[in-house]
S.K.: 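Shown below is the structure under consideration.
Keep in mind that what you see is a predicted model, and the values were worked out from it rather than measured. Letters A, B, ... mirror the listed sequences (proteins, then strands); counts begin at 1.
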Amino acid sequence: MPEKFLKPYDPAATESRVYAEWEKSGLFNPDECVKQGVTTADAPPYSIVLPPPNVTGRLHMGHALMLAVEDAFVRYRRMRGFRTLWVPGTDHAAIATQSVVEKQLKKDTGKNRHDLGREGLLKHIEAFAAESHDTIVGQLKTMGASLDWSREAFTLDEVRSRAVRNVFKQMYDAGLIYRGLRIVNWDPKGQTTISDDEIVYEERPAKLYTFRYSKDFPIPIATTRPETKVGDVAVAVHPDDARYAGFVGKEYDALFCDVPIHIKVVADAAVDPAFGTGAVGVTPAHSQTDWDIADRHLLSHETIVINEYAKMMVPGRLEGKKTSEAREMVVAWLTDEELLEKEEPITQSIATAERTGGIIEPLPKLQWFIAVDTKIPGRGKTLKELMLEPVRSGAIKIVPEYFDKTYFHWIENLRDWCISRQIWYGHRIPVWYRSPDAHGKQGEEIMVGIEPKEAGWSQDEDTLDTWFSSGLWTFSTLGWPEDTADIKTYHPTDLLETGYDILFFWVARMILMTEFVLNTVPFKTVYLHGLVRDAQGRKMSKSLGNSLDPLDISAKFGADAARMALVVGNTPGTDLRMSEDKIKGYKHFANKLWNIARFILENTPNADTNTPLTAEDKEVFSKLDALAREVTEDMENYRIYLAAEKLYHYAWHELADKILEESKPIFAGSDEAARASRARLLLALLDRTLRLLHPFMPFITEEIYQSMPTKDSEFLMVAKWPIQSEKLKLSKSISR
RNA sequence: GCGCUCUUAGCUCAGUUGGUUAGAGCGUUCGCUUCACACGCGAAAGGUCGGAGGUUCGAAUCCUCCAGAGCGCACCA
């Protein structure tokens with residue numbers, strides 16, 4: 001028996017060494033597996049792309065969960081002989097990364113983006129991204145992720161940029177990408193537009209003010225934003241509202257807080273007669289619904305009263321004031337003029353920007369959009385339909401199943417996707433403009449996709465929403481738009497595993513992009529894990545100081561222990577409470593396994609694998625055989641939380657507690673046949689247990705395997721899974 | 001407003017889509033310097049499965065309603 005078993009298991013020392021050996025073997029790469037004969041060139045492929053972590057710092061426990069689950073699936077398939085590919089990569093995460101760096105710069109040097117300029121800021125961001133990347137790669141390896149590093153990708157590298165330009169052009173040519181003046185979500189803090197999905201609504205107390213524009217204005221209106229009323233062009237009432245029917249069509253002039261306004265009364269069904277006074281002041285430039293009302297009644301959109309810095313831009317006392325200040329001034333003015341009729345507290349949910357926390361200011365802006373309701377030429381379908389169909393037909397299965405309802409519900413409410421951002425870090429929009437004269441848009445030429453050679457063209461200043469490039473991830477990582485062998489072999493990918501919180505952001509966009517570009521699904525199954533929370537059920541966050549760092553955890557308890565703690569009993573779609581105590585429990589389990597190995601190796605020095613098993617031992621073995629089948633079925637049906645739990649239970653409470661205890665008197669006895677049979681049995685049980693546990697606890701199982709006389713491959717990582725070809729029970733439904 | 005999920009032992013959760021006395025981990029209590037392991041071993045206590053109906057030979061599991069908790073989307077003048 002090797003000496004190492006005389007001491008308690010030391011994960012810290014073992015894990016980094018074992019990972020280095022795996023990496024050196026090249027066996028994370030399926031091509032190398034074929035070359036070395038651990039699988040064959042005609043074996044079925046199995047592929048997963050790693051959801052690329054943002055290069056915004058370091059990985060957290062959510063990432064560790066993702067890695068534990070994906071690596072378990074990947075290792076299981078690899079052992080079953082599939083040509084298994086797990087593609088690593090990182091995401092430039094445009095706005096997230098830029099805002100982290102800008103904050104840091106402001107703190108360190110007091111400088112903002114304009115002090116540095118585009119090139120200067122990008123240099124800082126790229127340096128930061130490179131450092132984050134290296135940290136992240138180190139963390140991925142620490143967790144034991146068997147990723148094929150030879151295929152590593154970055155959403156902003158050359159190959160991926162080519163894919164982005166290519167797709168942009170295709171969508172533009174198909175009329176799905178368009179430039180339009182529309183109300184967008186403007187983040188005054190981040191100084192950029194954001195998409196609807198990047199808005200976080202926050203409930204806040206607010207006041208609802210009821211007032212009239214002037215003494216002779218017939219209808220009182222209610223608003224929470226009196227300062228925007230200087231931009232009003234109309235008052236809308238419900239068509240059936242008898243109170244106001246007589247005023248519809250009439251027009252009024254007023255001087256509202258120094259600003260001359262002209263108001264027309266219109267009837268529009270969008271108005272809720274029960275809310276406030278049943279009359280809405282219509283501010284087309286600063287509200288989506290008002291913009292739509294203005295559209296329907298041919299009212300002007302042009303009066304903009306708030307600028308990009310959320311400051312007033314009207315003549316008079318309000319000029320240059322922040323909206324919050326202006327609000328107080330308007331209310332004071334209304335009070336002085338005795339126009340304010342009522343002031344009541346209400347709760348309203350305020351739109352804030354996910355990354356900067358800035359309060360969203362709806363503004364009309366010329367931006368780029370992806371049309372989701374436009375029929376695609378030659379396909380007769382809209383992007384919305386392309387997103388719906390594969391999930392509806394079962395071509396894509398979501399685990400847990402109930403999330404497809406959430407998915408459908410989201411698509412039903414989906415509007416055109418604003419993809420241009422006024423930030424500098426990211427894919428520059430591949431559009432060039434040339435104007436015949438220095439001003440105006442008159443006669444402007446446009447070039448999309450490839451930079452024009454002639455002089456006089458200038459590229460669009462904006463960059464693309466980061467999710468545009470991550471939407472291409474399953475095929476851009478495989479070398480598209482080149483017609484690569486990887487695309488042919490590994491696409492569509494088999495599994496997409498990620499958190500349910502980015503179902504819309506990412507999963508839906510991948511389906512959209514892949515269906516449009518390749519006319520196929522990006523993946524066959526989506527496995528959604530839940531959020532990792534702290535022991536009290538709170539979200540882990542830096543500000544709360546309750547987050548666990550996967551690196552610290554691995555150093556303290558071992559990556560194997562962390563992985564088991566993340567996987568056992570953790571059903572998909574459900575949040576998970578995590579604590580050091582839980583992880584500690586699995587460190588103890590690792591040590592238990594270590595001692596099981598020690599006991600067995602100690603007692604079977606000359607075991608003969610040809611010795612016949614006694615009837616009793618055959619029976620003991622058949623129990624593990626049954627478990628192996630069950631575990632295999634669990635893996636196939638995405639019940640890895642059960643598979644891991646069963647193996648834990650078997651190793652500890654069956655193998656150690658019962659079988660090893662029963663073996664002691666046998667080894668102490670004088671029945672030679674029974675002793676020989678038992679020695680062979682124990683080795684076989686341990687061998688099989690190691691194989692079954694390897695996807696969940698790769699390091700310790702590999703380390704023990706290296707000392708096993710039953711070892712039949714260089715690494716356990718590529719050893720045969722005990723159940724290979726038997727027919728397995730597959731649930732029709734794989735929801736839970 | 002539309003939609004989703006959860007409610008099972010003191011705590012955190014399973015329960016593989018209806019099948020014998022409902023499980024695990026942690027915790028608690030009691031006992032163990034047993035030569036694989038104190039990162040351990042043995043034993044014990046602890047649940048009318050949120051409530052009320054219904055379907056069924058049979059329900060924690062399916063249906064309806066009710067109560068509580070969480071979440072998503074929309075609205076938010």
Side-chain angles (χ1 to χ4, degrees), chain A residues 1 5-6 8-9 196-197 199 201 203 206 208-210 221-226 228-229 232 235-237 270-272 275-283 287-290 293 346-351 400-415 500-501 503-504 530-531 533 535-537 557 561 565 568-571 573-579 581-582 584-603 630 633-634 637-639 641-643 645-646 648-649 652-653 656-657 660-661 663-664 668 729 731-736:
Chain A
M1 185 193 59
F5 287 105
L6 297 176
Y9 177 61
D196 296 344
D197 297 287
I199 289 179
Y201 288 94
E203 298 264 300
L208 185 67
Y209 302 95
T210 303
I221 60 165
T223 183
T224 52
R225 299 196 62 186
T228 64
K229 298 294 102 183
D232 282 12
V235 163
V237 297
V271 179
D272 174 5
F275 189 92
T277 62
V280 186
V282 179
T283 326
S287 148
Q288 179 66 53
T289 43
D290 291 8
I293 290 174
I346 62 161
T347 318
Q348 73 170 354
S349 61
I350 298 229
E401 204 174 15
Y402 58 75
F403 267 102
D404 50 14
K405 284 185 190 148
T406 310
Y407 179 79
F408 294 143
H409 191 253
W410 175 78
I411 290 181
E412 279 162 29
N413 290 301
L414 187 62
R415 295 184 303 170
Y500 65 75
D501 51 331
L503 177 62
F504 308 139
L531 270 43
R533 297 174 175 278
Q536 280 92 55
F557 306 107
V568 171
N570 181 14
T571 47
T574 307
D575 293 353
L576 175 72
R577 294 193 190 205
M578 188 47 60
S579 63
D581 275 350
K582 196 164 176 179
K584 196 160 103 194
Y586 291 102
K587 180 183 192 292
H588 294 175
F589 175 61
N591 195 56
K592 186 72 183 180
L593 204 58
W594 191 246
N595 281 292
I596 290 170
R598 174 179 168 181
F599 177 87
I600 291 178
L601 292 173
E602 215 166 39
N603 285 285
E630 230 181 276
E633 283 172 5
D634 287 337
N637 291 299
Y638 301 97
R639 298 187 296 254
Y641 54 98
L642 277 183
E645 186 175 358
K646 283 171 185 170
Y648 171 94
H649 195 258
W652 200 317
H653 301 299
D657 289 353
L660 294 195
E661 291 306 321
S663 303
K664 288 175 184 173
K729 256 191 259 167
S731 299
K732 275 188 201 131
S733 155
I734 49 175
S735 66
R736 298 293 301 261

S.K.: Work out how far the P atom of B:C71 is from that of B:G54, and round it to whole angstrom.
M.R.: 35 Å
S.K.: Under the criterion side-chain contact (heavy atoms from CB on, under 4.5 Å), I'd like the reasoning laid out for A:D232 against A:I221: C-alpha separation, chi angles, the key distance, then a yes or no.
M.R.: CA-CA 12 Å; A:D232 282 12; A:I221 60 165; 4.3 Å; yes
S.K.: Distance check, P atoms only: B:A45 and B:C37, in whole angstrom units.
M.R.: 30 Å
S.K.: Here's a test of your reading of the structure: between A:A535 and A:I596, which maps to the more 5' nucleotide of RNA chain B?
M.R.: A:A535
S.K.: Considering only atom C1', compute the distance from B:C76 to B:U7 and round it to an integer number of Å.
M.R.: 31 Å
S.K.: Restricting to ring pair (Phe, Tyr, Trp, His ring centres under 6.0 Å), what partner residues turn up for A:Y648, sequence neighbours left out?
M.R.: A:Y586, A:F589, A:W652
S.K.: At 4.0 Å (heavy atoms only), tell me whether A:K664 reaches a base, stays on the sugar-phosphate, or touches nothing.
M.R.: base
S.K.: Which is true for A:N603 with a 4.0 Å heavy-atom rule: it touches a base, it touches only sugar-phosphate, or it touches nothing?
M.R.: nothing
S.K.: Please report the distance separating the C1' of B:U55 from the corresponding atom of B:A69, rounded so that it comes out in whole Å.
M.R.: 29 Å
S.K.: Using whole Å, report how far CG of A:L593 lies from C1' of B:C37.
M.R.: 12 Å
S.K.: Please pick, from B:U16, B:A14, B:A36, the nucleotide with the shortest atom-to-atom distance to any side-chain atom of A:F599.
M.R.: B:A36
S.K.: Stems involving RNA chain B: give each as a range paired with a range, ordered by first number, where a stem means at least three consecutive Watson-Crick or G-U wobble pairs under 3.5 Å.
M.R.: B:1-7 with B:67-73, B:10-13 with B:23-26, B:28-32 with B:40-44, B:50-54 with B:62-66
S.K.: Of all residues at least two apart in sequence or in a different chain, which pass the side-chain hydrogen bond (donor to acceptor under 3.5 Å, both in side chains) check with A:E661?
M.R.: A:K664
S.K.: Between B:U33 and B:G15, how many Å separate the two P atoms, rounded to a whole number?
M.R.: 41 Å
S.K.: Rounded to whole Å, please give me the gap between CG in A:D657 and C1' in B:G40.
M.R.: 10 Å
S.K.: So what does A:V271 touch, heavy atoms closer than 4.0 Å: a base, only the sugar-phosphate, or nothing?
M.R.: base
S.K.: Who pairs with A:E630 by salt bridge (charged side-chain N to carboxylate O under 4.0 Å, His left out), at least two apart in sequence or on another chain?
M.R.: A:K646
S.K.: Using whole Å, what does the distance between atom P of nucleotide B:C6 and atom CZ of A:F403 come to?
M.R.: 10 Å
S.K.: I'd like to check the salt bridge (charged side-chain N to carboxylate O under 4.0 Å, His left out) partners of A:R598; sequence neighbours left out, ordered by chain and number.
M.R.: A:E602
S.K.: Ignoring hydrogens and geometry beyond distance, is the side chain of A:K592 in donor-acceptor contact with the base of B:C37 at under 3.5 Å?
M.R.: yes
S.K.: Does A:K405 have any salt bridge (charged side-chain N to carboxylate O under 4.0 Å, His left out) partners at least two apart in sequence or in another chain, and if so, which?
M.R.: none
S.K.: Whole Å only: how far is the CG atom of A:L576 from the P atom of B:A14?
M.R.: 9 Å
S.K.: Which whole number of Å gives the distance between the P atom of B:G27 and that of B:U20?
M.R.: 31 Å
S.K.: Got a donor-acceptor contact below 3.5 angstrom from the A:N570 side chain to the A:Y641 backbone?
M.R.: no
S.K.: Could you work out, with salt bridge (charged side-chain N to carboxylate O under 4.0 Å, His left out) as the rule, every residue matching A:R577, not counting sequence neighbours?
M.R.: none
S.K.: Between CD of A:Q348 and OH of A:Y201, what distance do you get to the nearest 0.5 Å?
M.R.: 11.5 Å
S.K.: A:S349: which residues meet the side-chain hydrogen bond (donor to acceptor under 3.5 Å, both in side chains) condition with it, sequence neighbours left out?
M.R.: none
S.K.: Counting primed atoms plus P, OP1 and OP2 as sugar-phosphate and everything else as base, spell out the protein contacts along nucleotides 70-76 of chain B at 4.0 Å heavy-atom distance: B, S or - for each nucleotide, 5' to 3'.
M.R.: --BBSBB
S.K.: Provide, to the nearest angstrom, the distance between the CD atom belonging to A:E661 and the P atom belonging to B:A43.
M.R.: 11 Å
S.K.: How is A:A656 classified with respect to the nucleic acid when contacts are heavy atoms under 4.0 Å: base, sugar-phosphate, or nothing?
M.R.: base
S.K.: Between protein and nucleotides 18-30 of chain B, map the contacts as a letter string: B base, S sugar-phosphate only, - none, heavy atoms under 4.0 Å, written 5' to 3'.
M.R.: ------SS-----
S.K.: In whole Å, what separates the P atom of B:C63 from that of B:C6?
M.R.: 11 Å
S.K.: Tell me, please, which residues at least two apart from A:D197 pass side-chain hydrogen bond (donor to acceptor under 3.5 Å, both in side chains).
M.R.: A:W410, A:R509
S.K.: Looking only at non-hydrogen atoms, find the nearest pair between A:A656 and A:K592 and report the distance.
M.R.: CB-CE, 3.6 Å
S.K.: Nearest-Å distance, CG (A:L660) to P (B:A36)?
M.R.: 10 Å
S.K.: Give a yes or no answer on whether the side chain of A:N591 reaches the backbone of A:K587 with a donor-acceptor pair at less than 3.5 Å.
M.R.: no
S.K.: Using a heavy-atom cut-off of under 4.0 Å over every strand shown, decide if A:G569 touches base, sugar-phosphate, or nothing.
M.R.: sugar-phosphate
S.K.: Look at the side chain of A:E602 and decide which nucleotide, out of B:A36, B:C37, B:A14, has an atom nearest to it.
M.R.: B:A36
S.K.: Using a cut-off of 4.0 Å on non-hydrogen atoms, how would the nucleic acid contact of A:E630 be classed: base, sugar-phosphate, or nothing?
M.R.: nothing
S.K.: Determine the interatomic distance between C1' on B:G18 and the same-named atom on B:U61; round to the nearest Å.
M.R.: 6 Å
S.K.: Would you please name every residue forming a side-chain hydrogen bond (donor to acceptor under 3.5 Å, both in side chains) with A:S287, sequence neighbours left out?
M.R.: A:T289, A:D290
S.K.: When all nucleic acid strands are considered with a 4.0 Å heavy-atom cut-off, which category describes A:K405: base, sugar-phosphate, or nothing?
M.R.: sugar-phosphate
